[in-house]
Novice: 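Just dropping this structure here.
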Amino acid sequence: MGPEIRIFMPRSNSVFMVGLIIAFTPLFLAATWLRKTYTERVPKDPELSFRRSGSAAFRSFSYSTTLTAIDQSVVFTGARATTATLPDARACAGRVYSISNYSNSTPTPIVTITPQRLQFIEGQSYCSLWLTDQSVTLISDGANWKILRQFIPSPNSLPNTQKGSITYLDVSAKKGRPQAVFYDISGN
């Protein structure tokens, strides 16, 4: 005969069962907690995830406005020059705004974007959108505003202009005034 195999059996099955219960109770409780946490975070219906996907808060404006916490993409559609005032950069670190000038008026009205008092946009006291379809995306760094992206349409894509009709005039800084580039769209 071969080697003898012995299986350890406690003297009492009830003592053995109590030991198992004590050993596996923390594992059971942990598994229950994980299951509850998972079911709370993962929707039962996969379409709910799609419906919950975020979209940018969109708003159009025609007159001067102050951007709010619920704004994200704002579009100017008015006929006269106006101002879009940014909120306090210190109160909304990381917030992103996309601002566009989609006015159909001729000449295109200027949208001036201004931060709160003593705050700046890339070191300047304002930022302007002077062309149709021009846009800028700004982010708060907790103290001031930074430009993430800026889109300036090409001369060929501008309405009522001929090739070479846009001239660029540099204006140097004068005692505290920011340097700016102005575009003259004559159409001639």
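Values in this document were obtained by computation on a predicted structure and should not be read as measured data.
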Novice: Which atom pair, heavy atoms only, marks the closest approach of Ser103 to Ala79?
Specialist: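 Reported closest heavy-atom pair: OG-CA, 4.4 Å.
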Novice: Is there any ring-ring contact (aromatic ring centres under 6.0 Å, His included) pair reaching into residues 99-122, and which pairs are they, with sequence neighbours excluded?
Specialist: none
Novice: Can you hop from Tyr126 to Val111 via hydrophobic side chains spaced under 4.5 Å?
Specialist: no
Novice: Which residues pass the salt bridge (Lys or Arg N to Asp or Glu O under 4.0 Å) test with Arg59, sequence neighbours left out?
Specialist: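 With sequence neighbours excluded, Arg59 shows a salt bridge (Lys or Arg N to Asp or Glu O under 4.0 Å) to Asp71, given in chain and number order.
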Novice: Between Gln134 (side chain only) and Leu129 (backbone N and O only), is there a donor and an acceptor less than 3.5 Å apart?
Specialist: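 No, the answer is negative, given that no donor and acceptor are paired below the 3.5 Å cut-off.
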Novice: Compare all side-chain heavy atoms of Gln72 with those of Ser98 and state whether any distance is below 4.5 angstrom.
Specialist: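 With C-beta onward as the side chain, the pair stays apart.
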Novice: On a heavy-atom basis, which atom in Lys146 and which in Asp141 lie closest, and how many Å separate them?
Specialist: CE-OD2, 3.3 Å
Novice: I'd like a table of donor-acceptor pairs (distance under 3.5 Å, sequence neighbours excluded) in which one partner is a side-chain atom from residues 80-92, with atom names and distances.
Specialist:
{"residue": "Thr82", "atom": "OG1", "partner": "Ser64", "partner atom": "N", "Å": "2.7"}
{"residue": "Thr82", "atom": "OG1", "partner": "Ser64", "partner atom": "OG", "Å": "3.1"}
{"residue": "Asp88", "atom": "OD1", "partner": "Arg90", "partner atom": "N", "Å": "3.1"}
{"residue": "Asp88", "atom": "OD1", "partner": "Arg90", "partner atom": "NE", "Å": "3.2"}
{"residue": "Asp88", "atom": "OD1", "partner": "Gln119", "partner atom": "NE2", "Å": "2.3"}
{"residue": "Asp88", "atom": "OD2", "partner": "Arg90", "partner atom": "NE", "Å": "3.4"}
{"residue": "Asp88", "atom": "OD2", "partner": "Arg90", "partner atom": "NH2", "Å": "3.1"}

Novice: Does one hydrophobic cluster hold both Ile147 and Leu67, with members joined at side-chain heavy-atom distances below 4.5 Å?
Specialist: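 Linked, Ile147 and Leu67 end up in one cluster.
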Novice: Among Ile, Leu, Val, Met, Phe, Trp and Tyr joined by side-chain contacts under 4.5 Å, find the other residues sharing a cluster with Ile139 and list them by chain and number.
Specialist: Val96, Leu148
Novice: Looking at every non-hydrogen atom in both residues, tell me the closest pair between Ile121 and Pro115 and how far apart they are.
Specialist: CD1-CD, 3.8 Å
Novice: Could you note down all residue pairs passing ring-ring contact (aromatic ring centres under 6.0 Å, His included) where residues 64-85 supplies at least one of them, sequence neighbours left out?
Specialist: Phe61-Phe76
Novice: Is Asn101 close to Trp130 at the side-chain level, that is, under 4.5 Å between some pair of heavy atoms?
Specialist: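 Contact flag for Trp130/Asn101 side chains = no.
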Novice: Report the residue from Thr68, Ile99, Thr65 that forms a side-chain contact (heavy atoms from CB on, under 4.5 Å) with Val74.
Specialist: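 Among Thr68, Ile99, Thr65, the one that satisfies the side-chain contact (heavy atoms from CB on, under 4.5 Å) with Val74 is Ile99.
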Novice: To the nearest 0.5 Å, tell me how far Leu138 CG sits from Arg95 CZ.
Specialist: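 Leu138 atom CG to Arg95 atom CZ measures 13.0 Å (nearest 0.5 Å).
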Novice: Please name the pair of heavy atoms, one in Ala93 and one in Gly142, separated by the smallest distance, quoted to 0.1 Å.
Specialist: CB-CA, 3.7 Å
Novice: May I have all residue pairs that pass salt bridge (Lys or Arg N to Asp or Glu O under 4.0 Å) and include part of residues 103-113, sequence neighbours excluded?
Specialist: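 Matches after skipping sequence neighbours: none remain.
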